[in-house]
Amino acid sequence: MTRDAAAILLVDDDPNEVDVALRALDRAGLDVAVDVAGDGLEALEALGLEPGETKEATPRVVFLDLKMPRIDGWEVLRRMRENPRTADIPVVVLSTSGREQDIARSYSLGANSFVQKRYDPTGPASYFAEAVRYWLDLNRAPTERRRSR
Amino acid sequence: MGLAGVGLSLGFWLLLVADRRATLLATTTAASAELRAAVEYGLGEQLGVLEGLADLWKEFGLRPLPEWTANVDQRVDRLPGLVSVTWVDLDEPQKRIAVGRERSDSEIELDDAEARLHAAAPHFTGPERDGSGEVIYRIFLPVETRDERGVLVARFQVVPFLEAAVRARSRGYALDVFWDDVPIFSRGTPSSDPWQRWWHVEEPVALPMGGTWRVAHRPTAPYASDRLTPTPHYLLAAGIVLSFVLAMVAYQMQVIARQASSLRASNRSLEGDVADRTAELQDAVNELEAFNYSVSHDLRSPLSAILNFATILEEDYEDRPLDEKARTILGRIRRSASRALQLLEDLLRLSQTGRTTLELAPVDMGALARETFAQVRAAESDSDVELLVDPLPPAVGDRALLGDVFSNLFSNALKYSRGCEKRQVHVAGRFEDGECLYTVVDNGRGFDMRFADKLFALFERLHPEADVEGTGVGLAMVARIVKRHGGRVWGEGTPGNGARFSFTLPRKEAP
């Protein structure tokens with residue numbers, strides 16, 4: 001699982017959530033390379049959106065928590081959409097919040113999906129495995145990313 | 001304003017007064033001129049009569065005397081003021097013939113010089129007072145015939161002459177006649193009006209034989225006041241009173257305006273207070289909301305983690321079996337965490353029902369009941385339950401919240417009838433006392449009416465937790481929603497014989 005080849009960037013400050021999510025992928029039999037960022041700043045660094053950053057990860061999909069220390073999910077979303085290189089990467093917001101205004105704001109900043117994190121009786125974080133399957137297996141994205149808009 | 005009013009009325013009044021006085025002056029001047037003409041005419045007539053007598057004398061001489069005297073007498077009677085005519089012989093002044101009312105004029109004294117003077121031309125003398133104090137004047141008319149040289153002296157009393165001259169004229173006027181500044185005639189009292197000088201008119205009367213009379217002509221008090229009334233004093237008074245009233249009104253208006261502006265000011269400050277309070281309340285609400293958000297986010301995550309890891313533990317140890325006790329404990333951990341999570345969700349829902357504004361619209365309650373029931377039943381493991389919905393009166397309310405009401409009532413009905421025979425939920429409704437009444441009846445296990453007052457209290461439950469899952473939030477939420485719509489809610493039940501929950505909504509026209 002090399003960093004640059006990672007298909008997924010998972011941004012979440014809660015290690016428990018990350019563990020459960022990664023385990024859900026295992027249990028679902030999905031062999032996917034996942035890059036993990038512990039907060040918004042790490043995510044921006046991984047995506048090469050911070051000044052002086054040499055890394056230029058272009059994951060196929062980003063799973064983004066909203067409430068995080070330092071830089072929150074909305075800021076990451078805004079910065080991604082500003083940059084032509086990352087503007088088209090699908091972003092799935094993962095949040096415990098179910099507030100209407102949080103959902104609306106996420107979409108207005110360019111989120112492609114909003115999934116509320118909750119206790120899933122069918123298995124821990126199995127919603128995450130489902131979302132990953134959808135975005136990687138079912139969803140079609142352009143193979144050639146536009147370099148400029 | 002009042003001052004301006006007083007000024008205006010005063011000015012108007014002065015104009016009116018001045019106008020009336022000017023009119024009076026004009027009439028006085030006209031009357032005075034007329035009088036002067038009359039006096040001049042009278043004097044001319046006197047001279048004319050005397051000249052006639054003189055001609056008579058020249059033609060016929062003084063003889064026969066009786067004829068002449070009769071002629072004189074006749075004329076004397078016609079001339080007002082003429083008292084006597086005396087013929088005086090200039091050569092023998094004692095030789096006189098007097099005719100007229102008084103048959104002598106003994107007061108005539110003529111020395112030679114005078115006589116010669118008198119001989120020159122007709123001449124007036126006077127004024128002087130005769131023996132009885134009457135003001136008199138005389139006209140001397142020298143006459144020369146072939147035989148005699150004499151002078152006719154006519155004596156006139158001023159008062160009767162002028163009385164006759166002014167009779168029927170100048171009524172309403174006071175007259176003063178002066179002869180070389182000596183008052184010779186006075187009639188009537190002039191008005192004592194302080195402004196009488198305005199219409200004091202003096203006319204000079206040229207005497208035919210030289211000399212001047214001055215006729216002072218002034219309106220009398222009654223005449224003046226007659227001409228000046230109705231005086232505009234009433235007008236002035238009315239103007240002043242009106243001005244006063246206007247001033248009072250203006251003052252009152254000013255007072256009212258001042259009160260209004262101070263009311264506005266205090267209103268503004270009240271509005272400011274209200275705005276401040278509202279802002280404070282809004283701050284508090286925002287704080288609560290932020291608190292809710294933190295709770296939902298921060299509490300949800302660790303609870304989910306507990307649940308998830310308990311599950312993971314069970315799954316990971318499938319092939320290395322945990323003993324029974326460990327499984328029981330794990331189960332309890334999961335159930336407790338799950339219940340805590342449920343409670344959290346319910347609390348958030350409850351707080352949201354209180355915060356969102358009601359979006360009122362007509363609601364088909366029957367359709368809403370069926371729709372909601374389908375959702376509730378879908379989550380139920382044992383879905384063998386019948387729904388009966390009577391025709392329901394339509395309501396005006398927030399459809400989503402009313403759906404929550406049905407949802408909570410239905411899920412209670414299903415929860416508490418689990419395991420019963422022929423489960424049935426019956427929704428009925430009717431108009432009653434201006435309200436819409438809706439009832440949800442189940443045939444479940446019911447409840448003891450002794451605890452009915454606890455039904456709608458938050459976190460209160462009438463059944464042990466082990467029997468039926470629940471957080472004690474559902475009915476509290478129902479109560480809150482119905483109350484926000486202005487309705488009432490209550491429950492009836494008998495243990496083992498079903499429960500019956502009713503709520504009302506005010507009957508409204510659609511907004």
Side-chain angles (χ1 to χ4, degrees), chain A residues 10-30 36 38-40 63-74 93-106 114-132, chain B residues 285-286 288-319 330-331 333-353 355-357 359 378-381 398 400-401 469 471:
Chain A
L10 174 59
V11 189
D12 200 320
D13 63 318
D14 185 346
N16 287 339
E17 299 273 1
V18 175
D19 280 1
V20 172
L22 294 180
R23 186 177 177 280
L25 291 186
D26 275 353
R27 298 270 310 178
L30 291 166
V36 176
D39 61 25
F63 288 88
L64 185 62
D65 190 16
L66 286 179
K67 201 188 165 205
M68 292 181 292
R70 299 204 280 191
I71 291 176
D72 68 19
W74 286 310
V93 172
L94 279 179
S95 173
T96 47
S97 167
R99 294 201 303 178
E100 276 303 321
Q101 67 249 51
D102 292 347
I103 297 170
R105 186 171 175 207
S106 301
F114 189 104
V115 175
Q116 189 179 2
K117 289 193 278 193
R118 63 196 184 282
Y119 173 65
D120 196 333
T122 59
S126 55
Y127 58 86
F128 179 67
E130 276 175 47
V132 166
Chain B
V285 166
N286 290 344
L288 268 177
E289 206 168 331
F291 175 75
N292 270 343
Y293 181 67
S294 316
V295 165
S296 71
H297 188 279
D298 294 349
L299 223 48
R300 230 183 232 155
S301 301
L303 282 173
S304 309
I306 292 170
L307 271 175
N308 284 333
F309 284 109
T311 310
I312 289 168
L313 193 61
E314 277 179 338
E315 285 172 359
D316 285 3
Y317 280 77
E318 265 171 342
D319 46 344
L330 264 179
I333 291 173
R334 281 181 52 188
R335 269 198 304 279
S336 298
S338 169
R339 192 176 134 62
L341 209 55
Q342 186 60 46
L343 201 56
L344 188 67
E345 300 292 342
D346 285 353
L347 269 180
L348 281 170
R349 270 199 305 143
L350 182 67
S351 80
Q352 263 157 15
T353 62
R355 238 189 11 252
T356 52
T357 49
E359 287 181 14
E380 181 78 9
S381 47
D398 188 310
L401 291 179
E469 84 285 4
T471 55

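Convention: sequence-line order gives letters A, B, ...; per-chain numbering from 1.
With a 6.0 Å radius and a threshold of 12 heavy atoms from other residues, nucleotides or ligands, Glu100(A) has its CD atom at or below the threshold.
Pairing each heavy atom of Asn16(A) with each of Ala305(B), the nearest pair is ND2-CB, 3.8 Å.
In this structure, OG on Ser304(B) lies 9.0 Å from CG on Asp14(A), to the nearest 0.5 angstrom. To the nearest 0.5 Å, the span separating CG on Leu303(B) from OG1 on Thr96(A) amounts to 11.5 Å.
Only the side chain of Gln116(A) comes within contact range of chain B, judged by heavy atoms closer than 4.5 Å. If you measure heavy-atom distances from Ile312(B) to chain A, the contacts under 4.5 Å come from both the backbone and the side chain.
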